[in-house]
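The structure appears right after this line, and notes come after that.
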There are 2 protein chains.
Amino acid sequence: MLKITRKVEYALIALSQMQMKEDESLTSVKEISQQNDIPYELLAKTMQLLARAEIVEAVKGPHGGYRLKKDPTEIKMTTFFEIIEGPMGFMDCYFDSNCDQIHSCSIRTPIQRINDSIRDMFNNISLNDITRSV
Amino acid sequence: MLKITRKVEYALIALSQMQMKEDESLTSVKEISQQNDIPYELLAKTMQLLARAEIVEAVKGPHGGYRLKKDPTEIKMTTFFEIIEGPMGFMDCYFDSNCDQIHSCSIRTPIQRINDSIRDMFNNISLNDITRSV
DNA sequence: ACTATACCCGACAAATTTAGTCTTAATTAA
DNA sequence: TTAATTAAGACTAAATTTGTCGGGTATAGT
Ligand code: FES
Ligand code: FES
């Protein structure tokens, strides 16, 4: 119930490796997947999500690959998670508000508070906090 | 990836309702499941978990049911979650430590930190913080 | 003693979500 | 032109969550 998914894990590993390299240098999916024994296709799709969100920049063709586009210091983990997995909520009732019991529900408010706390927490952790080498 | 499960949700609703009643009074699974439109069998199994963990006390026979056994103020949410769902970790590698990459893994330490933050957070929220009426 | 009502427990099945695969583009360096 | 790379989406497989079933045990009321 509080577990990171593979896609997030793979993305973090990838970005972490990219950050260890020189600024403008490119890293290919093949490289990362081989070095870390990550399924190529899955990592590829995940990198595409990051590219669409402009976290990384893609360069096609031979010797192509990805490089960082945004400063990881400026990216909140909340944002990062949602890029990869979509909206993040501790309970369903906040997104699909077609919950019948929404008026009578006794735990809605306190769960909402927890939800906010979790978001606060991840708003205050940057991508760089996880992917930096030091 | 950060979502409460039904079993936890149902347990919280149940405990919340029980807390609204008089101290020694009993509440049956049937009662809770009907009033909140929760699948009877699933709620029953969930209550059994709480009974085994001595969060609640079961009384068998006609007019039986459950009553609170421990003070909800004294129960950490971490404990509560783990009673219902088993060990809670942000990444698998902490429990089944048969991860090949555990030595070379670049994100292990930072993820560990997040894991600790989450646990800290839920160690500082009591069951009562969620189930109290006021 | 019998019966109805409650909790107990584990095995099963269905539904949902996550993980992984495959196929077909589009781009570009050499 | 060819090989290497990203892009995108459909598809399958595995894992997890959710819900069901069938048989127990205990006990209050009669
Ligand atoms: S069950 Fe939907 S708001 Fe509580
Ligand atoms: S992948 Fe297992 S410790 Fe990082």
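So that the names make sense, note that chain A is the first sequence line, chain B the second, and so on, each numbered from 1. Please read these numbers as outputs of a predicted model, since none were measured by experiment.
- The pair E9(A)-K3(A) does not meet the salt-bridge criterion, since no charged nitrogen lies less than 4.0 angstrom from a carboxylate oxygen.
- The side chain of Y66(A) sits closest to dA7(D) out of dA7(D), dC7(C), dT5(D).
- Comparing dG20(C), dC7(C), dT6(D) by their closest approach to the side chain of Y10(A) singles out dG20(C).
- The CD-C1' distance, from E41(B) to dT17(D), rounds to 17 Å in whole Å.
- The side chain of A51(A) lies closest to dA7(D), out of dA7(D), dT6(D), dA6(C).
- Proximity note for K60(A) (side chain, C-beta onward) versus dT25(D), dA28(D), dT6(D): the nearest is dT6(D).
- The side chain of V29(B) lies closest to dC7(C) when the candidates are dT6(D), dA28(D), dC7(C).
- Spacing between atom NZ of K7(B) and atom P of dT20(D) amounts to 14 Å, rounded to whole angstrom units.
- Between K21(B) and E31(B) there is a salt bridge, since at least one side-chain N of the basic residue sits less than 4.0 Å from a carboxylate O of the acidic one.
- Taking only side-chain nitrogens and oxygens, Y40(B) never comes nearer than 4.0 Å to OP1 or OP2 of dT18(D).
- Considering only side-chain N and O atoms, R52(A) lies nowhere under 4.0 angstrom from the phosphate OP1 or OP2 of dT6(D).
- When rounded to the nearest whole Å, the span between CG of L43(A) and C1' of dA7(D) equals 14 Å.
- Between the C1' atom of dA11(C) and the CG atom of L42(B) lies a distance of 15 Å, rounded to the nearest Å.
- To the nearest angstrom, P of dA7(D) lies 10 Å from CG of L50(A).
- For the side chain to side chain donor-acceptor pair (under 3.5 Å) criterion with N123(A), the lone passing option out of T79(A), T78(A), D116(A) is T78(A).
- Look at CZ on F81(A): it is 14 Å from P on dT18(C), rounded to the nearest Å.
- Side-chain proximity of K30(A) to the nucleotides dG20(C), dT6(D), dT5(D) is greatest for dT5(D).
- We find that CD1 of I4(A) is positioned 16 Å from P of dT16(D), with the value rounded to whole Å.
- Residue-level contact check: G61(B) touches the bases, meaning some heavy atom is under 4.0 Å from a base atom.
- Per the geometry, CD1 belonging to I84(B) stands 11 Å off P belonging to dT18(D), to the nearest Å.
- Ion pairing between a basic and an acidic side chain is recognised when a charged N comes within 4.0 Å of a carboxylate O; R119(A) and E82(A) show such pairing.
- Under 3.5 Å, the side chain of K45(B) and the base of dT20(D) form at least one donor-acceptor pair of N or O atoms.
- Put simply, CD on Q112(B) and CD1 on I107(B) are 12.0 Å apart, with the number rounded to the nearest 0.5 Å.
- Along DNA chain D, the nucleotide nearest V59(A) and the nucleotide nearest K3(A) are compared for position; the residue whose nucleotide lies closer to the 5' end is V59(A).
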